[in-house]
Chemist: 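Supplied in structure tokens, the structure appears directly below.
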Protein chains: 2
Amino acid sequence: MATIDDVARASGVSKGTVSSVFSKKRPISQEVTARVLAAAKALNYKPNYWARSLANKSTRIIGLNLRADKVKFSQFHLSLLNGVLGACYARGYRLLVNALPSSFQDQVEHMATDPVDGEILLDPETRDPRVAERLSGEVPIVLIGRPSPEYENRVSYVDNDNVAMTQQITRYLLGLGHRHFLFLNAPKFRTVADDRSRGFLSAIREAGLPPSSYHLKYKPDPDNPSFDFGYEMTLATLTERPDITAVIADTDTMALGVYKAAEALGLAIPDKLSVFAFSDDSVFSPEFTPPLTGVRLHAERLGREAAELLLELIDGGARTLKRTIVPTDMVIRSSCAEPILNLGGNKS
Amino acid sequence: MATIDDVARASGVSKGTVSSVFSKKRPISQEVTARVLAAAKALNYKPNYWARSLANKSTRIIGLNLRADKVKFSQFHLSLLNGVLGACYARGYRLLVNALPSSFQDQVEHMATDPVDGEILLDPETRDPRVAERLSGEVPIVLIGRPSPEYENRVSYVDNDNVAMTQQITRYLLGLGHRHFLFLNAPKFRTVADDRSRGFLSAIREAGLPPSSYHLKYKPDPDNPSFDFGYEMTLATLTERPDITAVIADTDTMALGVYKAAEALGLAIPDKLSVFAFSDDSVFSPEFTPPLTGVRLHAERLGREAAELLLELIDGGARTLKRTIVPTDMVIRSSCAEPILNLGGNKS
DNA sequence: TCGATCCATTAAACCGGTTTAGCGATAATC
DNA sequence: GATTATCGCTAAACCGGTTTAATGGATCGA
């Protein structure tokens, strides 16, 4: 590949001039510019991205960090990615998806600074080691999701208000008359699971219901497909506790597992069992039988806001903390209704 | 940030030695290694990724190029991305998602070599300018999907056998007794659309059917949601040509639009209208009413194979051409059946 | 007409690593 | 015991750009 020196030689100017022609950071006469560009074209020259990054101390790349060992890209991530990409695209940034396991990065020969100007961290966990590591460096970060409390005042993040949202949802179900719940939550190590639990429990307490009125389960193994977890856990729990009339599921896929279990148990949705999901696929959710009631998390907007916030931090250089709350919208379809109690009705 | 010089000074060795400690490319005594690592830890030193890349002429990053202006990340891309990420992850590579519009990259001040060791090009189009550009550089590329003929013998690629697959599908529908088809194909500028058309037409000709026996439509606008296109085109075409008994749709989302149109037209699936889709979502497709018959394209495997092929090209340095064909599997559920003809039955 | 100002351009230093050539000390060879 | 390898390390060149300080020429004002 031709270098800047080749072009300088070919067009009879210094390399500094060639640099200025390409970076446009200093004015160069029309005539010289033309000559340099002609020589560059003839040699098929393009500035070397890494040399440029080294000298500029900037790459125009932002990172998206996810723990591939724990999480696979899901529908939610997909929308989120579309939002992030849109923001990058609009501002001329590239996106680096960093899914390397920490076991790899801990090896001495692979240790290195991240090749990005800033990073978005996905799916934060309680006491997430990635956050601690980034805080000691100088690469700005934005989380999507709430950081654990020890970091809450030290990093910027974008999130839904999961506590209030879950509280609202639970109130909605309480208002319909439900008194016994199965809550199939996200994996316990994720902060979002904790927020949802808090919102749920606060609504339960507010209604004066005892702990026996709910079963709160966390998805244990991230590898375990959501569908299977929804199916098996519903089957097992409802067999044991037939007084449960409402299931709150983590995702629409998990909700589908709940639907299957309800079918297996001979429970009609929503008459005998109400189902709610923390997601809303505008194409598929309406096609469930019956159409699934859930909540729109606006994943694409979460992604876009996070990317824009990060780019702002990068440009401003400002070490200001910001947090953006993206609103959620309940989408009520037909999978939740007043429970029709059996004859041997049970009141708590 | 501390540099290699700081560490060299602090541990009383030369920078070359520090470099060797981190790169492990040359043996360094236990004692010195320990001293250097201690100093590095104290200074919170990490080798600079850009400087290293510049000197090494290698980045351990591969690119995934898609035209964000034309295509949004879809379910298919999602699986594909999971495959690519898995392969990267396993071999310690990072993935750069490059969705920049060419209008941006054409500006002089943004012109630069790509910051990657190799690149995967998604959704190739007929006479795709991206391919021509990459061929003049020295970054190896792998396409996912067939390149247009002028490049077919110059680039490596991974693809399904779309011609044979579509031929097989069409034969299947012909075998069921269908004689009038609506084929809702991918956008015309994509090579995959051409392959599918060829496979379809070859089966049609093989059966001795005239051109009047089919309506072949290409999804015009990539921004137009698949669902809407499926719905509107089915409604319009079937109103005009009620003799059509089978619709072949590009994706499951589009198929869902077809389902809606069938409902609006009062056509029962599959008795009055058979629907087939070039996709298979193992979670949602079975949930369609009736469950959707389609074909599994193994997107994840396409992604993984492409990444592995690319990494092989990078490591080997070999300029060998390879092409990998990933097999497809028809998944027959209940959306295709023998057509039950109306009284005023029509034979071609 | 002379000094001040402005301008495009250049030479050299710099970004932070890797790598080559060489050097002294120890170990192996005959 | 002299010769040759081998080992662990260093100094300096190098990767391919950007940037600073300096330069020479044109323009300006008085």
Side-chain angles (χ1 to χ4, degrees), chain A residues 1-37 39-40 43-61 108-115 117 137-139, chain B residues 1-37 39-40 43-61 108-115 117 137-139:
Chain A
M1 196 59 155
T3 73
I4 199 173
D5 291 288
D6 299 328
V7 177
R9 212 171 304 127
S11 51
V13 298
S14 74
K15 59 190 286 199
T17 303
V18 177
S19 173
S20 302
V21 167
F22 278 92
S23 69
K24 286 199 177 167
K25 290 187 183 169
R26 211 190 340 270
I28 298 291
S29 67
Q30 283 289 333
E31 180 209 323
V32 174
T33 298
R35 210 165 69 223
V36 168
L37 288 180
L43 293 169
N44 190 27
Y45 166 78
K46 288 183 175 185
N48 180 302
Y49 205 101
W50 296 103
R52 193 176 249 191
S53 298
L54 176 59
N56 282 337
K57 294 173 174 300
S58 150
T59 63
R60 296 191 74 82
I61 296 176
V108 176
E109 63 268 40
H110 297 131
M111 188 186 293
T113 60
D114 269 322
D117 293 345
E138 46 214 23
V139 176
Chain B
M1 196 59 152
T3 73
I4 198 171
D5 290 288
D6 299 327
V7 177
R9 213 170 304 126
S11 50
V13 297
S14 74
K15 60 191 285 199
T17 303
V18 177
S19 173
S20 302
V21 167
F22 279 92
S23 68
K24 286 199 176 169
K25 290 187 183 169
R26 212 189 337 273
I28 299 291
S29 68
Q30 284 288 333
E31 180 210 323
V32 174
T33 298
R35 211 164 69 223
V36 168
L37 287 180
L43 293 169
N44 191 27
Y45 166 78
K46 288 183 177 185
N48 182 303
Y49 205 102
W50 315 317
R52 195 176 249 191
S53 298
L54 175 58
N56 282 336
K57 294 171 173 300
S58 152
T59 64
R60 296 192 74 82
I61 295 176
V108 175
E109 63 269 40
H110 296 132
M111 188 187 292
T113 59
D114 270 321
D117 293 345
E138 46 214 22
V139 176

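For clarity, every value in this text was computed on a predicted model and none was experimentally measured.
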Chemist: Tell me if a side-chain donor or acceptor on B:Asp117 pairs with a main-chain N or O of B:Thr59 at a distance below 3.5 Å.
Modeler: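 Yes, B:Asp117 side chain to B:Thr59 backbone: donor-acceptor pair under 3.5 Å.
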
Chemist: How would you list, by chain and number, every residue that makes a salt bridge (Lys or Arg N to Asp or Glu O under 4.0 Å) with A:Lys46, sequence neighbours excluded?
Modeler: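 Applying salt bridge (Lys or Arg N to Asp or Glu O under 4.0 Å) to A:Lys46 gives B:Glu133.
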
Chemist: Rounded to the nearest Å, what distance is computed from the CZ atom of residue A:Arg9 to the P atom of nucleotide C:dA11?
Modeler: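 The distance from CZ of A:Arg9 to P of C:dA11 comes to 13 Å, rounded to the nearest Å.
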
Chemist: What pairs with A:Asp6 under side chain to side chain contact (heavy atoms under 4.5 Å, CB included), at least two apart in sequence or on another chain?
Modeler: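 A:Ala2, A:Thr3, A:Arg9, A:Leu43.
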
Chemist: Report the relative orientation of the aromatic rings in A:Tyr45 and A:Phe22; use parallel for angles under 30°, tilted for 30 to 60°, perpendicular for over 60°.
Modeler: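 A:Tyr45 vs A:Phe22 ring planes: perpendicular.
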
Chemist: Specify the separation, in whole Å, of atom CD of B:Gln30 and atom C1' of D:dC9.
Modeler: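 Computing the B:Gln30:CD to D:dC9:C1' distance gives 16 Å.
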
Chemist: Mark up nucleotides 15-24 of chain D, 5' to 3', with B wherever a protein heavy atom is under 4.0 angstrom from a base atom, S wherever such an atom reaches only the sugar-phosphate, and - elsewhere.
Modeler: BBBBBB----

Chemist: To the nearest 0.5 Å, what is the distance between NE2 (A:His110) and OG (B:Ser23)?
Modeler: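 These two atoms lie 11.0 Å from each other.
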
